[in-house]
There are 2 protein chains.
Amino acid sequence: MNNKQNLELEKLKQEMRRGTIVLATMSQLTREQYGYSLIKSLNEQGFEIGQDTLYPLLRRLEEQQLLDSEWRVEDPRPRRYYRLNDNGKEVLRQLSEDWRLQTEVIRRLLNEAE
Amino acid sequence: MNNKQNLELEKLKQEMRRGTIVLATMSQLTREQYGYSLIKSLNEQGFEIGQDTLYPLLRRLEEQQLLDSEWRVEDPRPRRYYRLNDNGKEVLRQLSEDWRLQTEVIRRLLNEAE
DNA sequence: CATTATACTGTATATAACACAGTATTGTCA
DNA sequence: TGACAATACTGTGTTATATACAGTATAATG
């Protein structure tokens with residue numbers, strides 16, 4: 001596999017991860033977190049995500065009224081805390097359900113391919 | 001859940017499916033298929049995909065030299081047949097592996113969220 | 001012979017991940 | 001004490017891709 005092909009492969013993998021980013025992020029926001037801790041936490045658990053991706057996503061989720069955020073200045077350093085609201089929790093439930101169904105479909109497709 | 005929120009939810013689900021489209025499509029192309037049969041086959045197995053999505057994808061995969069295609073005019077009707085080449089099969093293998101790892105990570109994240 | 005299913009091609013658009021740049025504060029350790 | 005790494009964001013592109021929309025044309029079916 002040459003260099004260009006490897007690059008294409010990486011792009012395809014990235015594209016695959018793309019769809020899961022919202023789900024992975026929301027899954028961690030049933031309890032309150034701030035951006036940096038969220039990145040660390042996801043990375044430690046094997047889900048790679050950078051600032052470049054997370055912060056815009058958080059703002060978008062807030063626009064869509066799925067989470068609430070709040071500045072906290074009492075902390076050792078000012079931080080913005082994020083947490084799913086009821087709306088967001090319901091959406092997370094539904095996305096999780098959809099995810100389960102969808103992965104089952106893919107699992108079958110892949111098995112068949114072998 | 002009001003109308004606007006439902007729309008947002010559908011958009012998020014769609015976004016989730018997005019990443020799986022290449023994988024699902026490629027999984028069916030270890031054996032030769034033409035576009036229309038591919039759409040039918042995927043839909044029957046629970047994976048929704050339309051012409052709008054599939055044909056541009058097939059053209060892209062061919063550009064990336066992951067599949068070969070060929071017009072067949074002897075058929076009752078002219079059809080373009082698609083099939084993964086060796087390159088594509090290798091990419092499918094690697095994507096499948098990545099998918100397995102990735103879904104395992106998400107599974108853990110979701111369990112933890114409950 | 002009208003309608004439905006089949007089987008594509010081509011162009012346009014919206015969205016979201018990611019890139020890149022910038023700002024500023026808090027440990028830490030030599 | 002002063003440099004450096006880690007922390008903790010904001011703002012503005014760029015690019016790739018799914019999807020929308022439009023169009024073309026043939027085969028089967030009742």
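Each chain gets a letter, A, B and so on, in the order its sequence line appears, and its residues count up from 1. These values consider heavy atoms only, across backbone and side chains, with no hydrogens, waters or symmetry-generated copies.
- Using a 4.0 Å cut-off, some side-chain N or O of B/Tyr34 falls inside it from OP1 or OP2 of C/dA7.
- In this model, the phosphate group of C/dT6 is not approached by any side-chain N or O of B/Arg79 to a distance below 4.0 Å at OP1 or OP2.
- Here C/dT15 presents its P atom at 11 Å from CD of A/Gln64, a figure rounded to the nearest Å.
- Side chains of A/Arg83 and A/Glu70 form no contact here, defined as non-hydrogen atoms less than 4.5 Å apart.
- The nucleotide whose nearest atom lies closest to any side-chain atom of A/Lys40 is, among C/dA7, D/dC9, D/dT7, D/dT7.
- Among D/dT17, C/dA16, D/dA6, the nucleotide with an atom closest to any side-chain atom of A/Arg18 is C/dA16.
- Shown are A/Arg72, A/Arg80, A/Arg79; of these, the salt bridge (Lys or Arg N to Asp or Glu O under 4.0 Å) with A/Glu32 is made only by A/Arg72.
- A tilted orientation is assigned to the rings of A/Trp99 and B/Trp99, their planes being inclined by 30° to 60°.
- Atom C1' of nucleotide C/dT6 and atom CH2 of B/Trp71 are separated by 12 Å, given to the nearest angstrom.
- A side-chain donor-acceptor contact under 3.5 Å links A/Gln94 and A/Glu90.
- Between B/Arg60 and the phosphate of D/dA16, there is no side-chain N or O to OP1/OP2 separation shorter than 4.0 Å.
- In this structure, B/Gln51 places its CD atom 15 Å from P of D/dA22, rounding to the nearest Å.
- Between B/Pro56 and B/Ser37, the residue anchored nearer the 5' end of DNA chain C, judged by the nucleotide with its closest heavy atom, is B/Ser37.
- Backbone-only contact: A/Glu15 has heavy atoms under 4.0 Å from sugar-phosphate atoms and none from a base.
- In this model, the phosphate group of C/dT9 is approached by a side-chain N or O of B/Arg80 to a distance below 4.0 Å at OP1 or OP2.
- Across the protein-nucleic acid pair, A/Tyr55 atom OH and D/dT12 atom P stand 18 Å apart, rounded to whole Å.
- The nucleotide whose nearest atom lies closest to any side-chain atom of B/Ile21 is, among D/dT19, D/dT17, D/dA8, D/dT19.
- A close approach under 4.0 Å does occur between a side-chain nitrogen or oxygen of A/Arg17 and OP1 or OP2 of C/dC18.
- The residue among A/Gly35 and A/Leu12 whose nearest nucleotide of DNA chain D lies closer to the 5′ end is A/Gly35.
- Contacts of A/Arg59 with the nucleic acid, taken as non-hydrogen atoms under 4.0 Å apart, include base atoms.
- Contact between the side-chain N/O atoms of A/Tyr36 and the OP1/OP2 oxygens of D/dT7 is found at a separation under 4.0 Å.
- No N or O donor and acceptor, one from the side chain of A/Gln14 and one from the base of C/dC18, sit under 3.5 Å apart.
- In this structure, the side chain of A/Glu8 does not engage the main chain of B/Gln64 through any donor-acceptor pair within 3.5 Å.
- Atom CG of B/Asp52 and atom C1' of C/dG10 are 12 Å apart (whole Å).
- If you take CG of B/Leu57 and P of C/dA7, they are 19 Å apart, rounded to a whole angstrom.
- Here the P atom of nucleotide D/dT19 and the CD1 atom of B/Ile39 are 12 Å apart, to the nearest Å.
- For the pair B/Leu66 CG and D/dT17 P, the interatomic distance rounds to 11 Å; values are reported in whole Å.
- Counting all heavy atoms, side chain and backbone alike, A/Leu110 lies closest to B/Ser27 at CD2-CB, 3.9 Å.
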